[in-house]
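For reference, the structure discussed in these notes is given below.
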Amino acid sequence: MATRDFAVRTESHVANLGALGELHFVPEVFGDEFLDGYAKVQEAQAALGGEQDLTKMEPAALRQVYGAMRQFLASLMTPETAERFLRFEVVKSGKAVDHYRTREEADTKAAEFGPTARVDDKSMRVPDRVLVELLEWTTELYGGGNDRPITPSSGSSRASRRAGTPGKGSSCRRSRFSPLWPFERVVIPHSEFL
């Protein structure tokens, strides 16, 4: 009988944003949750139609991309961090009466309270560049990551000499399964355009 031990992370991952504080992310994610959120980001990006000139982008489509990125990141965060990261407060008579993680839920609740109710976006403000970097970091973290060395350890034996001539085919650096396959790299608009 063969036995193998697998490492399962149990400690939260932490993104330190300096003066903005820390964002805590769950130790592990399950494939469908990760892929469903990632698919929503890609759908929103597709609405941009490959346009990279900010002046030609539809503001609504750009907002949709940002919203999808923030929702995706929040889905990977611990509940306490997600509460700070995405927070839409329903305000009636100058007092916050409820809060939600999506604008749509908050708008629905505000409509129930009548025309005097409004929704205030109290979400954590993060620079666009950092938002993009967080998306890339979490994709690497949960999608196979770069946490394993790509060079042999000092205790490894030297590789045997290869017989014959090297082939012309390309090889994939990541030979292990990646839940992002076939999307090995996140495709997002260049941060200079965001």
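Nothing fancy with the numbering, it's 1 onward along the sequence.
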Do any side-chain atoms of residues 13-23 form donor-acceptor pairs under 3.5 angstrom with protein atoms, and if so which ones, sequence neighbours left out?
from, atom 1, to, atom 2, distance (Å)
H13, NE2, P27, O, 3.0
N16, OD1, G18, N, 2.9
E22, OE1, H24, NE2, 3.1

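A pairwise comparison of heavy atoms in Y142 and F34 identifies CB-CE1, 3.7 Å as the closest pair. In this structure, R101 and A82 approach most closely via the heavy-atom pair CZ-CB, 3.6 Å. Residues A110 and V119 come closest through the heavy atom pair CB-CG2, 3.8 Å.
Among pairs with a residue in residues 61-80, none fulfils salt bridge (charged side-chain N to carboxylate O under 4.0 Å, His left out), at least two apart in sequence or across chains. Sorted by first and then second residue, the salt bridge (charged side-chain N to carboxylate O under 4.0 Å, His left out) pairs with a member in residues 110-119 read K109-E112, R118-D120; sequence neighbours excluded.
Rounded to the nearest 0.5 angstrom, R84 CZ and M77 CE are separated by 8.5 Å. Rounding to the nearest 0.5 Å gives a distance of 5.0 Å between CZ of R9 and CD of E28. Atom CD of E136 and atom CG of L131 lie 10.5 Å apart (nearest 0.5 Å). Atom CG in L76 sits 11.5 Å away from atom CD in Q71 (nearest 0.5 Å). The CG atom of L73 lies 5.5 Å from the CG atom of L135; values are rounded to the nearest 0.5 Å. In this structure, CZ in R103 is found 12.5 Å from CD in E105, a value given to the nearest 0.5 Å.
Through direct or relayed side-chain contacts under 4.5 Å between Ile, Leu, Val, Met, Phe, Trp and Tyr, V97 connects to V90, Y100, F113. In this structure, V8 shares a hydrophobic cluster with no other residue, the cluster being traced through Ile, Leu, Val, Met, Phe, Trp and Tyr side chains under 4.5 angstrom apart. Clustering of Ile, Leu, Val, Met, Phe, Trp and Tyr side chains at separations under 4.5 Å leaves F6 isolated, with no partner residue.
Under the ring-ring contact (aromatic ring centres under 6.0 Å, His included) criterion, F85 pairs with no residue at all, not counting sequence neighbours. Every residue two or more places apart in sequence or in another chain was checked for a side-chain hydrogen bond (donor to acceptor under 3.5 Å, both in side chains) with S12, and none qualifies. Evaluation of the side-chain hydrogen bond (donor to acceptor under 3.5 Å, both in side chains) rule for E89 yields R87 as partners, not counting sequence neighbours. Partners of S75 by side-chain hydrogen bond (donor to acceptor under 3.5 Å, both in side chains), not counting sequence neighbours: none found. Evaluation of the side-chain hydrogen bond (donor to acceptor under 3.5 Å, both in side chains) rule for S93 yields no partner, not counting sequence neighbours. Every residue meeting the ring-ring contact (aromatic ring centres under 6.0 Å, His included) condition with F25, not counting sequence neighbours, appears here in chain and number order: W137.
No more than 12 heavy-atom neighbours from other residues, nucleotides or ligands sit within 6.0 angstrom of NZ on K40.
Both M69 and F88 are members of a single hydrophobic cluster when ILVMFWY side chains are connected at heavy-atom separations under 4.5 Å.
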